[in-house]
Amino acid sequence: MASQSMEIMAKVLEQQVLQSARMVEEQLDAELGKLERMDDDEMEMLKERRMEALKKSQKHKQEWLGKGHGEYKEIPSEKDFFPEVKESNRVVCHFYRDSTFRCKILDKHLSVLAKKHLETKFIKLNVDKAPFLTDRLRIKVIPTLALVKDGKTKDYIVGFTDLGNTDEFPTEVLEWRLGCSDIINYSGNLMEHPTLTQKSGSKFIKVEKKTIRGRGHNSDSEDD
């Protein structure tokens with residue numbers, strides 16, 4: 001009975017894969033058909049639009065690099081936090097402590113993502129040098145990532161709860177979580193967790209928006 005059920009499931013999966021392949025093939029055929037039907041003027045317009053988009057992308061890239069994007073850096077003190085978040089539209093700030101091992105784990109992943117996502121600034125701040133700011137943002141758990149958009153804290157990633165509660169999470173999980181808060185340009189499917197794509201019902205629930213003035217909730221535990 002069990003083997004029969006497995007065979008049925010295998011056939012269903014095979015049909016789904018074939019159907020998806022057919023859909024992709026049909027879409028490609030449709031795009032190729034459009035290109036074949038284009039005259040010289042339309043092709044020239046398409047090239048111009050692509051060149052314009054490329055120039056715009058390069059301009060943004062240079063602007064971001066000029067603002068310190070593309071690298072994961074430490075800011076000296078809490079007074080430097082506000083100029084940093086005002087200068088860039090999207091900022092990830094890691095509130096860390098030297099004695100907390102999990103902060104070093106986050107450092108590794110954030111260094112990778114800073115190079116990949118130039119559209120976002122990645123910085124870190126030692127909580128022992130930022131007592132006023134950590135109190136203002138009600139940061140109680142270390143590490144905490146403050147996700148700042150247009151000068152306002154949109155979300156927080158507190159500890160490793162959203163990352164699988166494990167020290168061994170891959171960079172892709174953190175990248176997905178940041179994408180869920182629209183703090184980076186995520187190219188994957190936000191409705192599918194990178195490590196749970198085979199499980200049903202693993203959908204992300206949108207978090208409430210918060211401002212730079214404080215947290216939507218207060219946590220009373222701390223990771224040392």
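From a predicted model like this one, the values you see are computed outputs, not experimental measurements. Numbers here simply count residues along the sequence, with the first being 1.
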### Message
Set out, in order, the CA-CA distance, both residues' side-chain angles and the distance that settles side-chain contact (heavy atoms from CB on, under 4.5 Å) for Asn185 and Arg90, then state yes or no.
### Response
CA-CA 10 Å; Asn185 295 335; Arg90 292 189 279 189; 2.8 Å; yes

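- Nearest heavy atom pair, residue Thr100 against residue Pro143, reads CG2-CD, 4.3 Å.
- Rounding to the nearest 0.5 Å gives a distance of 14.0 Å between CD of Glu175 and CD1 of Ile183.
- With a 4.5 Å cut-off on side-chain heavy atoms, Asp150 and Lys152 do not count as touching.
- Annotation: the span from Leu145 atom CG to Thr153 atom OG1 amounts to 13.0 Å, rounded to 0.5 Å.
- For the side chain to side chain donor-acceptor pair (under 3.5 Å) test with Tyr72, the passing option among Lys121, Lys108, His94 is His94; the others fail.
- Lys73 has its side chain within reach of Glu84: a pair of non-hydrogen atoms, C-beta onward, lies under 4.5 Å apart.
- One hydrophobic cluster holds both Val91 and Phe95 under the rule that ILVMFWY side chains link at heavy-atom gaps under 4.5 Å.
- Heavy-atom contacts from other residues, nucleotides or ligands closer than 6.0 Å to NZ of Lys79 number 12 or fewer.
- When Phe169, Phe122, Phe160 are each tested for a ring-ring contact (aromatic ring centres under 6.0 Å, His included) with His109, only one passes: Phe169.
- Between Asp155 and Arg177 the shortest side-chain heavy-atom distance falls below 4.5 Å.
- Proximity of Lys124 to Leu106: side-chain heavy atoms (C-beta onward) are nowhere separated by under 4.5 Å.
- Between Lys140 and Val158, the closest side-chain pair of non-hydrogen atoms is not below 4.5 Å.
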#### Entry: Working for side-chain contact (heavy atoms from CB on, under 4.5 Å), residues Phe81 and Val148
CA-CA 11 Å; Phe81 175 82; Val148 186; 4.2 Å; yes

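- When each of Lys67, His69, Glu119, Lys149 is paired with Ser88, the side chain to side chain donor-acceptor pair (under 3.5 Å) condition holds for His69 and for no other.
- Between Leu110 and Tyr96 there is no side-chain heavy-atom pair separated by less than 4.5 Å.
- Side-chain atoms of Glu78 come within 3.5 Å of backbone N or O of Leu133 as a donor-acceptor pair.
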### Message
Between Lys154 and Asp182, is the side-chain contact (heavy atoms from CB on, under 4.5 Å) condition met? List the steps.
### Response
CA-CA 9 Å; Lys154 182 178 180 179; Asp182 194 31; 3.5 Å; yes

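- Cluster membership check: Phe82 shares its hydrophobic cluster with Ile139, using side-chain heavy-atom separations under 4.5 Å among Ile, Leu, Val, Met, Phe, Trp and Tyr.
- Each of Ile123, Leu147, Leu113 was compared with Val92 under the side chain to side chain contact (heavy atoms under 4.5 Å, CB included) criterion, and only Leu147 meets it.
- Residues Thr195 and Pro170 share a closest heavy-atom pair of CG2-CG, 4.1 Å.
- Between the CZ atom in Arg97 and the OG1 atom in Thr144 there is a gap of 10.5 Å [rounded to 0.5 Å].
- At least one side-chain heavy atom of Leu174 sits less than 4.5 Å from a side-chain heavy atom of Ile157.
- Minimum heavy-atom separation, Asp128 to Pro131: O-CD, 4.2 Å.
- The distance from atom OG1 of Thr134 to atom CD1 of Ile142, rounded to the nearest 0.5 Å, is 7.5 Å.
- A 6.0 Å sphere centred on NZ of Lys86 holds no more than 12 heavy atoms belonging to other residues, nucleotides or ligands.
- The two atoms that bring Leu163 and Gly159 nearest to each other are CD1-O, 4.3 Å, heavy atoms only.
- For Asp135 (side chain) and Phe132 (main-chain N/O), no donor-acceptor pair under 3.5 Å exists by modelled atom type.
- With a 4.5 Å cut-off on side-chain heavy atoms, Arg102 and Asp167 count as touching.
- In this structure, the separation between CD1 on Ile105 and OG1 on Thr166 is 8.0 Å, given to the nearest 0.5 Å.
- The two residues Leu125 and Ala130 have their closest heavy-atom pair at CD2-CB, 3.6 Å.
- With rounding to the nearest 0.5 Å, the separation of CG in Leu178 from NE2 in His117 is 8.0 Å.
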